[in-house]
**Q** 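The structure follows.
Along the sequence shown, residues carry numbers from 1.
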Amino acid sequence: MASSGNRFPGLDRRRHFRVEGAWDVHVAAVEETGAVSEFDAKALNISMGGVLLETAVKANLWAGKAMSISFPAAGTPVPAVVRRFLDYGDAGRTTTRWGVEFTELKLEVKATWTRFLFSEARRLGQEAAHREFLARRPM
């Protein structure tokens with residue numbers, strides 16, 4: 001399944017190509033008290049900059065909230081922060097969604113994530129869409 005990487009119409013201001021798919025992940029979010037809330041979720045797209053998370057859990061994840069996302073297939077947890085709160089089980093939905101941005105990836109984590117991201121793009125047949133994305137980017 002090839003994808004343009006743009007699930008939502010309109011101006012595409014992305015800096016990073018997004019691989020469309022569904023990956024099971026485990027989220028550990030740090031509360032203001034220092035306690036950690038953990039839950040399972042799905043990543044609906046992945047990029048070098050972050051992911052779109054969706055879960056049936058109505059977790060209290062506001063913009064700026066720190067978290068760690070573990071992708072079992074990638075082999076390393078990735079530090080992140082909530083940037084956009086998208087849905088909270090409204091309009092008859094039973095899921096919550098957040099746009100999450102990765103934060104300061106250490107070199108080893110970045111290398112592991114890069115290998116995982118591009119192997120997933122290849123596995124899901126999205127290499128051509130990635131090349132098109134790169135061709136559209138201003139240099």
**Q** Could you tell me the separation between the NZ atom of Lys110 and the OG1 atom of Thr76, rounded to the nearest 0.5 Å?
**A** 14.5 Å
**Q** Do Trp98 and Glu54 meet the criterion of a side-chain donor-acceptor pair at a distance under 3.5 Å?
**A** no
**Q** Taking side chain as C-beta onward, heavy atoms only, is Trp23 less than 4.5 Å from Leu44?
**A** no
**Q** At their closest point, which heavy atom of Val100 faces which heavy atom of Ala80, and how far apart are they?
**A** CG1-CB, 3.2 Å
**Q** Okay, side chain of Trp113, backbone of Pro77: is any donor-acceptor separation there less than 3.5 Å?
**A** no
**Q** To the nearest 0.5 angstrom, please state how far the CD atom of Glu120 sits from the CG atom of Asn45.
**A** 13.0 Å
**Q** State plainly whether one hydrophobic cluster holds both Phe118 and Leu105, where clusters connect Ile, Leu, Val, Met, Phe, Trp and Tyr through side-chain heavy atoms under 4.5 angstrom apart.
**A** yes
**Q** Taking it one step at a time, do Thr114 and Met48 satisfy side-chain contact (heavy atoms from CB on, under 4.5 Å)?
**A** CA-CA 7 Å; Thr114 301; Met48 286 305 297; 3.1 Å; yes
**Q** Between Val19 and Phe17, does the side-chain contact (heavy atoms from CB on, under 4.5 Å) criterion hold? Intermediate values first, please.
**A** CA-CA 7 Å; Val19 178; Phe17 177 73; 3.9 Å; yes
**Q** Decide yes or no for Asp40 and Thr55: does some side-chain heavy atom of the first lie under 4.5 Å from some side-chain heavy atom of the second?
**A** no
**Q** State plainly whether one hydrophobic cluster holds both Val81 and Val78, where clusters connect Ile, Leu, Val, Met, Phe, Trp and Tyr through side-chain heavy atoms under 4.5 angstrom apart.
**A** no
**Q** Please determine whether the number of non-hydrogen atoms from other residues, nucleotides or ligands lying under 6.0 Å from atom CZ of Arg123 exceeds 12.
**A** yes
**Q** For a 4.5 angstrom cut-off between non-hydrogen side-chain atoms, does Arg97 reach Leu53?
**A** no
**Q** Side-chain contact test, heavy atoms from C-beta onward, threshold under 4.5 Å: evaluate it for Val25 versus Val27 and give yes or no.
**A** yes
**Q** Got a second to check how far Thr103's OG1 is from Arg83's CZ, nearest 0.5 Å?
**A** 8.5 Å
**Q** Hey, does Phe71 have a side-chain heavy atom less than 4.5 Å from the side chain of Val51?
**A** yes
**Q** Quick check: do Ile69 and Met67 have side-chain heavy atoms less than 4.5 Å from each other?
**A** yes
**Q** Of the non-hydrogen atoms in Lys65 and Ala29, which two are nearest, and what is the gap between them?
**A** CE-CB, 4.2 Å
**Q** Please name the pair of heavy atoms, one in Gln126 and one in Arg18, separated by the smallest distance, quoted to 0.1 Å.
**A** OE1-O, 4.0 Å
**Q** Which atoms form the tightest heavy-atom contact between Ala28 and Val36, and what is the distance?
**A** CB-CG1, 3.8 Å
**Q** At their closest point, which heavy atom of Phe116 faces which heavy atom of Ala73, and how far apart are they?
**A** CE1-CB, 3.6 Å
**Q** Quick one: does Ser70's side chain have a donor or acceptor within less than 3.5 Å of a partner on Pro72's backbone?
**A** no
